[in-house]
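Please read all numbers here as calculations on a predicted model, not as lab measurements. All values below were derived from every heavy atom in this structure, side-chain atoms included, with hydrogens, water molecules and symmetry-related copies excluded.
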Amino acid sequence: MTEIKLYNTKSRSKELFTPIDPDNVRMYVCGPTVYDRAHLGNARPVIVFDVLYRLLRHVYGPGHVTYVRNFTDVDDKINATALARKEAGAPGTLEELVQGRSDETIGWYLHDMDALGALHPDHMPRATEFIGPMVAMIADLIEKGNAYEAEGHVLFAVESYDKYGALSGRSVDDMIAGSRVEVAPYKRNPMDFVLWKPSTQDLPGWDSPWGRGRPGWHIECSAMSHDLLGDSFDIHGGGNDLQFPHHENEIAQSACAHPHGDFARYWMHNEMLQVEGKKMSKSLGNFFTVHDLLDGHDGQPPVPGEVIRFVFLQTHYRKPMDWTEKKRAEAEATLRKWRGLTAGIDPAPSPSEAVLAAISDDLNTAGAVAELHKLAASGNAAGLLASAQVMGLLTDGMGGWANSPLLDLSALAKKLHTARVAAMQTKDFNEVDRLKTALTEADVQVKMSKDSVDLVPGPNVDLTKLEALT
């Protein structure tokens, strides 16, 4: 059996992955809060853990892996949107409008992630479906002395769990000094966090022993993961921005609620995403959603989901990823070549051992992509196809885009024609020769007559070289 090694944030080391039960390998990944469309950074954990899910299914069998990724549909931003719609005259109760907004946003999310080639997890629970288990878990924590009620709120007492901070490697004092914590007079300790909070009559809420209210964010994942995966499961994943406080708080409340379990044994966190070397932000004008890329935005052509996925896979998940236009163009050109090479053939019986070894070494997708290039260069089309597909590339359902025209070559044809007309007057054909040479090197055949220029793309067109000419 393939040996898998994963970097465990908890131990700060790469460890041999040994599942609790090889017949039921279990993984939980924190999903989105569904108040708006997923931005490009939201797609990174989806793709990272989709590759891991595919690897686990390949090694242990599709029927022996359980993957859970949740939807947080209890949130102030969702409520604000629903309230705005109600004030604008939308029919229905506030609860119905909140439900409608969540349904709408979840639909967008799944459509966009489908376009990136992500398999659906085995379970995609909504927080609102697990209010009962959350209330039960909170009541249990109060009974055990790990939580307390104060002014309609229930808070977890961090001092009751002596290992608090082990995941992030910081003491409580360090965390207070280095983070913004909500200052509230009813807290015994500034780091105590909310398990339950009151809801007014104009906001969604549920009955509980502490009055009408709604759960805090952290308790949601603990209750859902326990209900679906048990006291102990194998892998818990998410972006590194969740390491503290969300995952730290999950561990504390779950360990206290279920002291005989391990909760999650392996903790995995992906790094963040940048755009053209800068943090993605609306103020910098480099913020865009997955939908923006898929449909085209700001005058840019649509970017196929497979291309987005391939760009992501070329950077190791524990390193910051930089989305650039150059990477996008190179990824598209490479995938076109590979789809041309593998068209009409069946994949090899199994992926390349070198590709599997790279992925199994802490999801070294960058190393796996390098091996894919070697397979393509050697002409091993069947091996390339099988190996790419285990990474979610070159699959049957994602190739339609590659049959579309590479790009509109009319602008380049016009540019060459204009240069030729000018050269006929000046007798200086240097620019004409330069353009012809560059086009030929990009695998574009140049056909010129007295009155026209026709450009015919070949099977191995280099988009990067073409875009440098426009």
For [X], all residues meeting side chain to side chain donor-acceptor pair (under 3.5 Å), sequence neighbours excluded:
| X | result |
| --- | --- |
| R44 | none |
| Y266 | none |
| K14 | D361 |
| D36 | none |

State which residues pass ring pair (Phe, Tyr, Trp, His ring centres under 6.0 Å) with W338; sequence neighbours excluded, sorted by chain then number.
F310, H373
Quick one: list whatever passes ring pair (Phe, Tyr, Trp, His ring centres under 6.0 Å) with Y161, sequence neighbours left out.
none
Y148 six-ring centre to R188 NZ/CZ under 6.0 Å and within 45° of normal:
yes
On the 0 to 90° scale, with breaks at 30° and 60°, tag the [X]-[Y] ring pair as parallel, tilted or perpendicular.
| X | Y | value |
| --- | --- | --- |
| Y164 | F244 | perpendicular |
| H218 | H246 | tilted |
| F288 | W323 | perpendicular |

side-chain hydrogen bond (donor to acceptor under 3.5 Å, both in side chains) contacts in which one or both residues fall within residues 121-139, not counting sequence neighbours:
Y53-D122, D73-T128, D103-R126
Who passes salt bridge (charged side-chain N to carboxylate O under 4.0 Å, His left out) against [X], sequence neighbours left out?
| X | answer |
| --- | --- |
| K326 | E330 |
| R214 | D76 |
| E15 | none |
| D362 | R318 |

Any pair counted as salt bridge (charged side-chain N to carboxylate O under 4.0 Å, His left out), so long as it reaches residues 254-265, sequence neighbours left out:
none
